[in-house]
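Read through the structure below, which is laid out as structure tokens, and then see the notes.
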Amino acid sequence: MHLVCRPGTGRPDGPEVLAVPPGQDVAQPPETFTTAYERSSSTDRWVWADTAVTYRDLLRGGHRVERAHDLRLARRVLRSAAALEASTYATAPADPWDDPAPVASSFPARQAETLFDVAAPVAPDPVEELLAQQGAVDGSARPGALRLLLAAESSAALVAAEMHHAGLPWSARVHDELLRSELGPRPRDGERPARMHELVESVRAALDAPSLNPDSQPDLLRALRYAGVSVDSTRQWDLERVDHPVIGPLLEYKRLARLLTANGWAWIDAWVHDGRFRPDYVVSGAPSGRWATSGGGALQLPHAVRPAVVADPGWTLVVADAAQLEPRVLAGLARDERLATAGRGGDIYAGLVDQGVVDSREHAKVGMLGALYGGTSGDSGLVRPRLVRAFPAALGFVDAAAREGERGRRVSTLLGRTSPPPSGGWGEAQSGAFADSATADDESRARATGRAQGRFTRNFVVQGTAAEWASCWLASIRQRLAALPVATDACLAPAPFAEQAHLVYFLHDEVVVHAPAGQADDVAAILRESAAAAGRLLFGDLDLDFPVTVAVVESYARAK
DNA sequence: TCTCTTAGCGCG
DNA sequence: AAAGCGCGCTAAGAGA
């Protein structure tokens, strides 16, 4: 049964719910949310325009759902899918369903308001859109794959809403101690902390530039050159290769400046409340289907501040990382048996060395990453021929994706997510190179943009399929965690997670679960089993391993 | 004063 | 000759 939520009708007890029985194309009379929720079973699928809006409010009321279908996410996938090319669903003119998802109420901006008080946009009929999507999928070239993709994507959206609701356990006290030990006491706003102040003086003295502001890139570059330091930029990577007394204090200053501005006291004030960090996750915010985040820089939590991620008393963090996910996904996509074999059981890069393909793990890694990203320089270029010989299927697969991109064509992931067409600049560059007036410059620009698009599509198929694997992994973890017994000691997370192990963080190929300490082993098993399950779901008939490294820790910093 | 771009850096 | 993918955030500087 599909339970379609229609928000914004002003009902005090939540969205209006219209049930659509399987195989039917008409909804039953509307019910209140409460009635529908009480009657629902775990096999029903909740349908709504935006998970980040509707489910977030359901969670505030303590309600959890098992399955969902996010109409806006699904629409975006389907309208751009090559498998639906030329369908009426894909070619219809844009309407409000194509608008970006409404900005979810972010934590600092909006404190707890009345339950279900959602400023949802006035959307067209969600039942109609659901039926249109089902029809489009049924009539598409790849109905099974797309159905799995939409289910996985919607599950991921549930996870994102739940992680925001539960929050990442964050100790402002530990974070503050860490900042003090690096920077000195918290200064007044706009002032440099003591340690940074000392370093500025050292830099100024070393460059003989008494009033230099090291935060100004142009001024710093000028001062460096004036002092005889020949660098192309003020980048850390460039500075590190120079031997001059200013380099030490300058690099240290830049490190501390970064810590202060990106994750300093102001960040704590803005983002940590009630012992939790709650970023807004944007499911499939990247074209490849990877998540993005908005606010707080949750995608870039520096290792330096991870000591502040601390489990609640009596609880623990179970951190899992899918080892070398992308090469494994490539093995599956390309059905490359030998690459699958290299990854069986353990480290895939070590497997390459064992098979005699390359002479070191480091070469295996840069060579493989070069193949995935389209790198040709340095060691990656040197190793490439060996990989081509050893894994013709895998290398052939990404090379073919690159050729498609170079010709301006789109490519698709395993489950049918299709890459966006090249930007306008691409077409202009290509046609410019063929014009009568074309210069050598025009031609080289056309080649450069073509290759850039090739690198994008080359990486898209792998990164996008890896994101699909990760969504399946998350969905399976979520389902299995919910089946664990409730904890005897509650943690500080709000209902429905106070007594239930729950996901608190996800980063492309890594997850963190907050769990009662006594369940750590069960959770670790769940994380491994779920990885295997995701692998079977995507590459069922292939003997392909997805090993997971698991760490049970009190603090995220200790995970690796 | 506000908005936009750039350089730089963090994460995978 | 050089050429690796994706993301967000901050401060400075440029431009309106």
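What you are looking at is a predicted structure, and each value in this text was computed from that prediction instead of being measured.
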Nucleotide [N], atom [atom2] - distance to [atom1] of [X] in whole Å:
X	N	atom1	atom2	result
A/Lys254	B/dG10	NZ	P	9 Å
A/Tyr281	B/dC11	OH	P	16 Å
A/Leu220	B/dT6	CG	P	20 Å
A/Glu406	C/dA3	CD	P	17 Å
A/Leu251	B/dG8	CG	P	13 Å
A/Leu221	C/dG13	CG	P	12 Å
A/Leu372	C/dA3	CG	P	20 Å
A/Arg384	C/dG4	CZ	P	14 Å

Closest nucleotide among [options] to the [X] side chain:
X	options	result
A/Ala286	B/dC9, B/dG12, C/dC7	C/dC7
A/Arg455	C/dG6, B/dC9, C/dG4	C/dG4
A/Asp215	C/dA11, B/dG12, C/dC5	C/dA11
A/Arg258	B/dC9, B/dG12, C/dG4	B/dC9
A/Asn459	B/dG12, B/dG10, C/dC5	C/dC5
A/Gln217	C/dC9, C/dA2, B/dG8	B/dG8
A/Arg235	C/dG6, B/dG8, C/dG8	B/dG8
A/Asn213	B/dG12, C/dA12, B/dG8	C/dA12
A/Ser377	C/dC5, C/dG4, C/dA12	C/dG4
A/Asp219	C/dG13, B/dA7, C/dT10	C/dG13

Does a side-chain N-to-carboxylate-O contact under 4.0 Å join [X] and [Y]?
X	Y	answer
A/Arg180	A/Asp176	yes
A/Asp215	A/Arg192	yes
A/Lys365	A/Glu362	no

Name the nucleic acid region contacted by [X], choosing base, sugar-phosphate or nothing; use a 4.0 angstrom heavy-atom cut-off, strictly under.
X	answer
A/Thr261	sugar-phosphate
A/Gly285	nothing
A/Gln236	sugar-phosphate
A/Gly370	base
A/Lys365	nothing
A/Leu325	nothing
A/Val305	nothing

Test for a donor-acceptor pair under 3.5 Å between the base of C/dG6 and the side chain of A/Gln463, counting only N and O atoms.
->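 Checked by distance alone, the answer is no.
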
Is a donor-acceptor pair below 3.5 Å formed from side chain A/Arg290 to base B/dG12, judging by atom type as modelled?
->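 Check passes, donor-acceptor contact within cut-off.
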
For [N], take OP1 and OP2 only and decide whether either is under 4.0 Å from a side-chain N or O of [X].
X	N	value
A/Ser216	C/dG13	yes
A/His303	B/dG10	no
A/Thr376	C/dA2	no

Euclidean distance for C1', C/dA2 against B/dC9 (whole angstrom) =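 Per the computed distance, 23 Å lies between those C1' atoms.
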
Is the NZ or CZ atom of A/Arg361 both under 6.0 Å from the centre of the six-membered ring of A/Tyr349 and within 45° of that ring's axis?
->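 A/Arg361 over A/Tyr349 ring: no.
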
Toward the 5' end of DNA chain C, which comes first, A/Leu299 or A/Arg447, by nearest nucleotide?
->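 The residue whose closest nucleotide sits nearer the 5' end is A/Arg447.
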
Flag for A/Asp70-A/Thr51: side-chain donor and acceptor within less than 3.5 Å |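 Looking only at side-chain atoms, A/Asp70 and A/Thr51 do form a donor-acceptor pair, the distance falling under 3.5 Å.
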
What do the steps show when you test A/Trp473 against A/Phe506 for ring pair (Phe, Tyr, Trp, His ring centres under 6.0 Å), and what is the final call?
-> CA-CA 11 Å; A/Trp473 189 37; A/Phe506 167 65; 7.4 Å; no

Aromatic ring proximity, centroids under 6.0 angstrom, A/His175 and A/Trp267 =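 Distance test on ring centres: under 6.0 Å, yes.
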
Tell which nucleotide pairs with B/dC9, taking only Watson-Crick or G-U wobble pairs whose two distances are both under 3.5 angstrom.
->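 The base-pairing partner of B/dC9, which may sit in any strand shown, is C/dG8.
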
